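See below for the structure under consideration.
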Amino acid sequence: MARLLIVDDAAFTRRVLTDMLGEQHEVCGEASNGLEAIEKYKELRPDIVTMDITMPHMHGIEAMRHILDFDRDAKILICSAVGHRQKVLEAMRTGASDFVVKPFQKEQILDAIARLL
C-alpha cells in the first residue's frame, strides 16, 4: 500500500482519484495547486504524487522541480489532458516518473502506481 498525495486544481478530479485509489492505497493528502503540493510533500513525504500540470499559482511542472530539488527520489505521476502533450513531454524530461492521460480509467492509474512501487 502506497501513501499518495493527490494534486489537482479540480476538486472533482481529486475526489475521483481518491475514490479510485483509496481502496488499495492510502491517500495521505491533497493539494489544489503547485505551492500547496510542495508544502504537503515536505510535510507528508508520500510515496507517490499524482500531479496535474495546469493549475493556478504554480503549475505542476514547476512544483515537480521544487519537489525533486527537495527529494531527488520523489516519484511523481503526471495526470494530464491529451491537449497538453508537449507539457507531458516536458514533465517527463524534467523528471516525472510516469504519466497517464485524462480522462483515465481506474486500472490505468493503478497500473502506473504499481510500476512506480
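Not measured: the values here are computed from a predicted model.
When the side chain to side chain donor-acceptor pair (under 3.5 Å) test is applied to S32, the partners found at least two apart in sequence or on another chain are E36. Remark: E62 engages R65, H66 in a side chain to side chain donor-acceptor pair (under 3.5 Å) (not counting sequence neighbours). In terms of the side chain to side chain donor-acceptor pair (under 3.5 Å) criterion, T94 has no residue partners (sequence neighbours excluded). Looking at residues two or more places apart in sequence or on another chain, you find a side chain to side chain donor-acceptor pair (under 3.5 Å) between D19 and R15.
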Please tabulate, for side-chain N and O atoms in residues 105-117, each donor-acceptor pair with protein atoms closer than 3.5 Å (sequence neighbours left out).
from, atom 1, to, atom 2, distance (Å)
Q108, OE1, Q105, N, 2.6
R115, NE, D98, OD2, 2.9
R115, NH2, D98, OD2, 2.7

Which donor-acceptor pairs under 3.5 Å do the side chains of residues 22-31 make with protein atoms, sequence neighbours left out?
from, atom 1, to, atom 2, distance (Å)
H25, ND1, A2, N, 3.0
E30, OE1, R14, NE, 3.1
E30, OE2, T18, OG1, 3.3

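One finds the NZ atom of K75 at 11.5 Å from the CG atom of L4 (value rounded to the nearest 0.5 Å). From I67, atom CD1 reaches atom CD1 of I76 across 4.5 Å, with rounding to the nearest 0.5 Å. For the atom pair M51 CE and H59 NE2, the distance stands at 11.0 Å (nearest 0.5 Å). One distance of note links CG of N33 with OG1 of T54; it measures 13.0 Å at 0.5 Å rounding. We find the CE-CD1 distance between M92 and I78 to be 8.5 Å, quoted to the nearest 0.5 Å. Atom CD of E90 and atom CD1 of I53 lie 8.0 Å apart (nearest 0.5 Å).
Linking ILVMFWY side-chain heavy atoms closer than 4.5 Å, directly or via other members, places V16 and V101 in two distinct hydrophobic clusters. Using a 4.5 Å cut-off between side-chain heavy atoms of Ile, Leu, Val, Met, Phe, Trp and Tyr, with links allowed through other members, F99 and I48 fall into different hydrophobic clusters. Linking ILVMFWY residues whenever their side-chain heavy atoms come closer than 4.5 Å, directly or via other members, leaves V100 and L89 in distinct clusters. Clustering ILVMFWY residues whenever any of their side-chain heavy atoms sit less than 4.5 angstrom apart, transitively, puts V7 in a cluster other than the one holding F12.
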* Asked: Should F104 and L17 be marked as a side chain to side chain contact (heavy atoms under 4.5 Å, CB included) after you check the CA-CA gap, both sets of side-chain angles, and the distance that decides it?
  -> CA-CA 10 Å; F104 40 74; L17 282 168; 3.5 Å; yes
Do K102 and D52 pass the side chain to side chain contact (heavy atoms under 4.5 Å, CB included) test, and can you show the C-alpha distance, the side-chain angles, and the key distance before you say yes or no? CA-CA 10 Å; K102 293 178 184 177; D52 188 19; 3.4 Å; yes
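Note on residues 40-49: pairs passing salt bridge (Lys or Arg N to Asp or Glu O under 4.0 Å), not counting sequence neighbours, are R45-D71.
Checking side-chain atoms of T50 against main-chain N and O of L77 turns up no donor-acceptor pair under 3.5 Å.
Heavy-atom minimum distance, L44 versus R3: O-NH1, 2.9 Å. Across every non-hydrogen atom of L5 and P46, the tightest pair is CB-CG, 3.7 Å.
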